[in-house]
Amino acid sequence: MESYNFKSIEKKWQDKWEEAKIFHAENGSDKPKYYTLIEFPYPSGAGLHVGHPRSYTALDIIARKRRMEGYNVLYPIGWDAFGLPTENFAIKNKVHPKIITAQNIANFTRQLKMLGFSFDWDREVNTTDPNYYKWTQWIFLQLFKHGLAYKQEMPINWCTSCKVGLSNEEVVNGVCERCGGEVVQRRKSQWMLKITEYAQRLIDDLDEVDYLEKIKTQQKNWIGRSEGAEVKFKLSTGDEMVVYTTRADTLFGATYTVMSPEHPLIEKMKDSITNYDEVEAYKAEAAKKSEFERTELAKDKTGVKLESIYAINPANGEKLPVFISDYVLVTYGTGAIMAVPAHDSRDWDFAKKFDLPIIEVVAGGEDVQKEAYTDVYKGKMVNSGFLTGMTVKEAIPAMIDWLEKEGLGKRKVNFKLRDWVFSRQRYWGEPIPLVHCDKCGWVAIPESELPLVLPEIDTFEPGENGESPLAKATDWINTTCPHCGGPAQRETDTMPQWAGSSWYFLRYMDPHNNDALASKEALEYWSPIDWYNGGMEHTTLHLLYSRFWHKFLYDIGVVPTKEPYMKRTSHGMILGENNEKMSKSRGNVVNPDEVVNEFGADAFRTYEMFIGAFDQSTPWSQQGLKGCYKFLERVWNLQNIITDGEGYTSDLESSIHKTIKKVGEDFERMKFNTAVAAMMSLVNDYSKKGAITKDEYKVLLILLNPVAPHMTEELWEKYGDGGFLSIHAWPEYDEAKTVDEEIEIVLQINGKIRDKLTIPAGLDKDGTVEAAMESERIKSLTEGKTIIKVIAVPGKLVNIVVK
RNA sequence: GCGGAUAUGGCGGAAUUGGCAGACGCGCUAGAUUCAGGUUCUAGUGAGGGUUCCUUCAUGCAGGUUCAAGUCCUGUUAUCCGCACCA
């Protein structure tokens with residue numbers, strides 16, 4: 001027998017699989033379909049991270065198992081290749097991002113192929129390919145035509161020293177990442193997408209899909225639906241300030257009101273505000289802070305009182321001071337609040353700082369002068385007029401009913417979710433296919449002109465005054481209006497990286513189609529995605545954006561399902577050996593090339609699955625990797641003990657059936673670590689016995705194939721039934737043979753284990769108790785004591801309570 | 001501050017429904033084998049106490065429910081991830 005030579009084996013089988021196209025997914029096959037999806041990678045210059053293959057191997061196992069179960073499986077791969085790092089590298093090294101992208105993709109492709117994933121490479125997609133982004137632009141045009149895209153002034157990060165717009169990522173601790181210069185907020189007109197119009201449906205339809213509960217929770221919390229009321233406060237100027245509150249019950253406890261510094265009423269009332277200079281100064285100060293900074297400084301509240309202005313509490317007619325403060329955001333609710341310091345901790349902080357009264361209106365907590373009492377489940381209303389005596393739950397609707405009757409307010413549902421800022425002032429993204437005409441406004445370019453290809457320009461530096469680098473491409477910008485034929489200019493902003501990744505899974509279904517993003521037949525056949533796995537870091541944005549686009553495409557009749565993904569799971573991060581995030585600066589990065597070179601792809605895959613609980617973060621261990629290599633070697637060396645016998649021998653039969661059951665079930669539950677452990681145990685059983693039949697060896701090879709496909713194919717060629725193991729049938733088990741005839745149960749006295757007993761499986765409760773009472777140890781330990789109670793759990797234990 | 005998660009031997013982790021805590025692997029110890037080894041095999045391995053056997057303690061911390069708690073409840077601490085102070 002030759003020794004285990006993974007190098008030649010892995011290359012050999014990768015070539016054979018490719019040649020025979022056994023991972024080819026057939027559109028419209030008669031077999032049942034199964035669509036497994038992993039998040040397509042951003043092809044970075046750093047190459048593959050050992051974290052990538054964790055997800056890829058997991059779903060590769062599922063994909064391979066499904067093929068063995070007779071499904072027509074689609075397991076595709078592609079590149080999310082637009083983005084900032086490539087663009088910044090291009091600026092620095094004066095190379096076109098296209099060239100860098102191609103290099104990075106080539107490297108990623110080599111690395112992924114060396115790991116033996118069963119991707120259908122014929123369906124590879126690339127978001128930067130004009131044949132791909134043609135359809136990204138097409139979807140945007142449909143959104144535009146349906147009124148879901150609009151322009152609005154939004155703040156951008158502006159580096160005062162580089163004089164360029166920056167992404168949030170490039171702002172580190174409030175300063176520019178490149179030069180350390182001051183970053184301020186500048187307003188710029190940006191394209192927005194009305195995702196908020198889908199907020200309710202994005203919550204409701206979660207009921208129809210099988211996502212991990214924590215993922216659903218995060219989606220819901222991000223969308224953040226709240227039911228409350230809008231309440232009108234008359235101001236001393238005669239103006240009306242509308243506030244949003246979820247705690248209408250506390251209206252009698254309002255002791256002041258706050259507007260966000262950007263609130264339009266401030267400007268309107270400027271002649272009545274006697275300290276307007278101070279107000280302006282505060283507004284300027286607030287404009288400097290990014291939202292990130294406002295969050296950071298949350299504890300120390302700041303604000304300015306609007307002198308000579310007061311608001312009237314509609315519940316009791318009290319005059320309340322009006323403040324502006326940046327802890328109130330213009331983007332949420334109405335941009336103004338009524339402050340109830342007794343029952344909201346932020347209001348409480350502010351009230352303490354500005355020495356404002358704190359009036360208790362919900363009893364049940366400690367002293368509200370010392371701490372805000374925010375519990376809505378306990379406590380009764382006090383000091384609250386007609387609400388006094390009610391519970392909070394009763395008082396909220398009672399107050400809103402009263403406000404509605406008096407015309408002072410109304411019920412209102414609010415969402416935290418905000419519309420999606422869709423413009424980027426960058427080069428390496430999809431051009432937005434619109435032109436601006438002085439006569440006609442913003443006009444869509446004809447669909448026949450798609451794709452609108454990125455123009456070639458010399459430098460990719462961001463434009464001055466916060467404009468896109470495309471602003472320099474004058475030839476490209478100047479065009480004619482498709483509507484009136486007059487002169488017009490193209491939009492120079494590009495789309496965010498999220499655009500291409502919001503629909504890529506549809507393109508996989510029919511990647512070479514030139515007439516549609518995918519054919520109706522392909523969409524009907526493959527939709528929806530059966531299982532999608534990805535990182536927790538994408539559970540809010542990417543997942544939400546792609547669900548939103550999918551729902552829109554459903555509404556306009558392009559896709560056949562309301563939801564894109566039937567099932568969504570997530571994996572944990574792989575950390576460095578020192579338990580910290582892998583990074584160049586920490587020097588703890590593990591290079592997949594080196595691992596595969598030294599131990600092979602199969603050992604790498606096996607270790608990635610064995611490393612720990614799939615959904616949790618876990619540190620890399622070179623020793624652990626070695627252990628998995630040793631396991632594969634032991635499997636290989638079992639060849640030495642194959643005998644002429646057939647079938648399963650009686651002393652291994654039960655182990656084999658149990659292992660088939662456990663491995664299959666564990667794969668489905670994503671408990672890959674225990675599935676591998678079960679196979680290790682079976683190998684231990686085989687070795688211990690010292691002789692196995694060919695059938696016993698073969699069943700091990702089948703079970704192990706999805707994890708370590710190359711080695712098992714090689715051994716199958718020698719010992720199997722011919723053909724590719726990768727498409728051989730998944731084994732079945734006999735439930736009856738997974739059950740032991742005799743089982744060991746535990747005998748306890750007062751909950752402490754005192755003896756163990758072997759009894760026939762299936763013995764009933766009375767029989768079990770009877771057998772327990774026969775135990776010599778139990779007899780001697782209970783002698784002279786009163787037996788109060790005997791608890792028996794058949795098949796598990798007997799607990800005798802004595803005194 | 002808000003939202004989500006996590007905490008079990010020297011290490012990664014297991015325990016599917018409240019029912020033997022520590023499966024499996026790493027590491028370590030001893031022995032065998034190889035001319036030396038980082039190879040392979042065998043046995044042992046949570047801690048403490050008496051030593052074939054037994055016993056006490058032990059799942060971040062403090063309480064509670066239960067015949068029985070890693071698992072359920074209340075409180076608390078630490079760490080990680082995300083964030084848009086969400087009224």
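Being a predicted model, the structure only gives us computed values, none of them experimental.
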Worksheet item: Is a side-chain donor-acceptor pair under 3.5 Å present for A:Arg605 with A:Thr57?
Response: no
Practice prompt. Grab the CD1-P distance between A:Ile788 and B:A68 for me, whole Å please.
Written response: 11 Å
Item to complete: Looking only at side-chain atoms of A:Lys662, point me to the closest of B:C20, B:G4, B:U16.
Response: B:U16
Item to complete: Select base, sugar-phosphate, or nothing to describe what A:Ile800 touches, counting heavy atoms under 4.0 Å on all strands.
Response: nothing
Worksheet item: Which of the following nucleotides, B:C67, B:G12, B:G19, is nearest to the side chain of A:Thr618?
Response: B:G12
Fill in: Distance-only donor-acceptor test (3.5 Å): side chain A:Lys796, base B:C20
no
Worksheet item: Between B:G25, B:C85, B:C81, which nucleotide gets closest to the side-chain atoms of A:Asp326?
Response: B:C85
Item to complete: Scan every strand shown for a Watson-Crick or G-U wobble partner of B:G27, both distances under 3.5 Å, and answer none if you come up empty.
Response: B:U45
Fill in: Nearest-nucleotide comparison on RNA chain B, the residue closer to the 5′ end among A:Asn221 and A:Arg669
A:Asn221
Fill in: Interatomic distance at C1', B:A68 relative to B:C80, whole Å
34 Å
Worksheet item: Think A:Lys630 has a side-chain N or O under 4.0 angstrom from the OP1 or OP2 of B:C26?
Response: yes
Discussion item. Let's see if you can work this out: which of B:U55, B:C86, B:C20 has an atom nearest to the side-chain heavy atoms of A:Arg754?
Written reply: B:U55
Worksheet item: Which nucleotide, in any strand shown, forms a Watson-Crick or G-U wobble pair with B:C2, with both distances under 3.5 Å?
Response: B:G82
Worksheet entry | Which nucleotide in B:G4, B:A87, B:C20 has an atom nearest any side-chain atom of A:Arg346 | B:A87
Discussion item. Is there a side-chain contact between A:Gln218 and the phosphate of B:G4, meaning an N or O under 4.0 Å from OP1 or OP2?
Written reply: no
Fill in: A:Arg418, nearest nucleotide to its side chain (from B:C86, B:G25, B:G3)
B:C86
Discussion item. Are A:Trp620 and A:Tyr607 an aromatic pair, judged by ring center distance below 6.0 Å?
Written reply: yes
Practice prompt. Using a 4.0 Å heavy-atom cut-off across all strands, classify A:Ile791 as base, sugar-phosphate, or nothing.
Written response: base
Worksheet item: Within the structure shown, what part of the strands sits under 4.0 Å from A:Gly224 by heavy-atom distance: base, sugar-phosphate, or nothing?
Response: nothing
Worksheet item: A:Tyr373 and A:Ser345: side-chain donor and acceptor closer than 3.5 Å?
Response: no
Worksheet item: Within the pair A:Lys789 and B:C67, is there a side-chain N or O less than 4.0 Å away from OP1 or OP2?
Response: yes
Worksheet item: Rounded to whole angstroms, how far apart are CD on A:Gln616 and C1' on B:C81?
Response: 13 Å
Worksheet item: Hey, is the side chain of A:Tyr244 poking within less than 4.0 Å of OP1 or OP2 on B:C86, counting only N and O atoms?
Response: no
Discussion item. Could you check whether A:Phe354 and A:Phe323 have their ring centres less than 6.0 Å apart?
Written reply: yes
Practice prompt. May I ask you to check whether A:Phe350 and A:Tyr256 place their ring centers less than 6.0 Å from one another?
Written response: yes
Item to complete: Would you mind reading off the distance between A:Phe631 atom CZ and B:G13 atom P, rounded to a whole angstrom?
Response: 20 Å
Discussion item. Could you tell me the Watson-Crick or G-U partner of B:G22, where both distances fall under 3.5 Å? Say none if there is no partner.
Written reply: none
Discussion item. Can you see if the side chain of A:Asn684 gets near the phosphate of B:G25 - specifically, an N or O under 4.0 Å from OP1 or OP2?
Written reply: yes
Discussion item. For the C1' atoms, the ones on B:C2 and on B:U74, what distance do you get once it is rounded to whole angstrom?
Written reply: 22 Å
Response to the item:
Per atom distances to the A:Lys752 side chain, the nearest of B:C57, B:C86, B:C20 is B:C57
Discussion item. For A:Glu227, is there an ion pair with A:Arg225 - N to carboxylate O distance below 4.0 angstrom?
Written reply: yes
Worksheet item: Whole-Å distance between B:C81 P and A:Leu543 CG?
Response: 21 Å
Worksheet item: Considering only B:C24, B:C85, B:G3, which nucleotide approaches the side chain of A:Tyr327 most closely?
Response: B:C85
Worksheet entry | A:Thr674 side chain, from C-beta outward: closest of B:U16, B:A14, B:C86 | B:A14
Practice prompt. Before accepting this row, confirm whether a basic side-chain N of the pair A:Glu735/A:Lys661 lies closer than 4.0 Å to the acidic partner's carboxylate O.
Written response: yes
Worksheet entry | Proximal nucleotide (of B:G12, B:U16, B:G19) relative to the A:Asn799 side chain | B:G19
Fill in: Test: A:Arg346 and A:Asp349 ion pair at under 4.0 Å
no
Item to complete: Could you check which nucleotide pairs with B:U16 in any of the strands shown, counting Watson-Crick or G-U wobble with both distances under 3.5 Å?
Response: none
Item to complete: Would you classify A:Ser621 as touching base, sugar-phosphate or nothing, given that sugar-phosphate means primed atoms plus P, OP1 and OP2, and contacts are heavy atoms under 4.0 Å?
Response: nothing
Worksheet entry | Chi-angle category of B:G9 [syn within 90° of 0, anti beyond] | syn
Worksheet item: In whole Å, what is the span from the CE atom of A:Met582 to the P atom of B:C81?
Response: 15 Å
Worksheet item: When all nucleic acid strands are considered with a 4.0 Å heavy-atom cut-off, which category describes A:Thr540: base, sugar-phosphate, or nothing?
Response: nothing
Worksheet item: When all nucleic acid strands are considered with a 4.0 Å heavy-atom cut-off, which category describes A:Ile611: base, sugar-phosphate, or nothing?
Response: sugar-phosphate
Practice prompt. Looking at every strand, decide which applies to A:Val793 at a 4.0 Å heavy-atom threshold: base, sugar-phosphate, or nothing.
Written response: base
Discussion item. Whether the A:Ser260 and A:Tyr327 side chains hold a donor-acceptor pair (N or O, under 3.5 Å, no angle test) is what I'd like checked.
Written reply: no
Worksheet, complete the sentence: The residue, A:Thr217 or A:Lys671, whose nearest nucleotide of RNA chain B is more 5′ is A:Thr217
Fill in: Rounded distance (Å) that lies between atom C1' of B:G12 and atom CG of A:Asp615
15 Å
Worksheet item: Quick one: does A:Asn673 reach the base of B:C24 with a side-chain donor-acceptor pair under 3.5 Å?
Response: no
Worksheet item: In the strands shown, is B:C72 matched to any nucleotide by a Watson-Crick or G-U wobble pair with both distances under 3.5 Å, and which?
Response: B:G64
Worksheet entry | Touch class at under 4.0 angstrom, heavy-atom based, for A:Arg777 against every strand present | sugar-phosphate
Worksheet item: Starting at OH of A:Tyr256 and ending at C1' of B:A87, how long is that distance when rounded to a whole Å?
Response: 11 Å
Item to complete: Grab the CE-P distance between A:Met680 and B:C24 for me, whole Å please.
Response: 11 Å
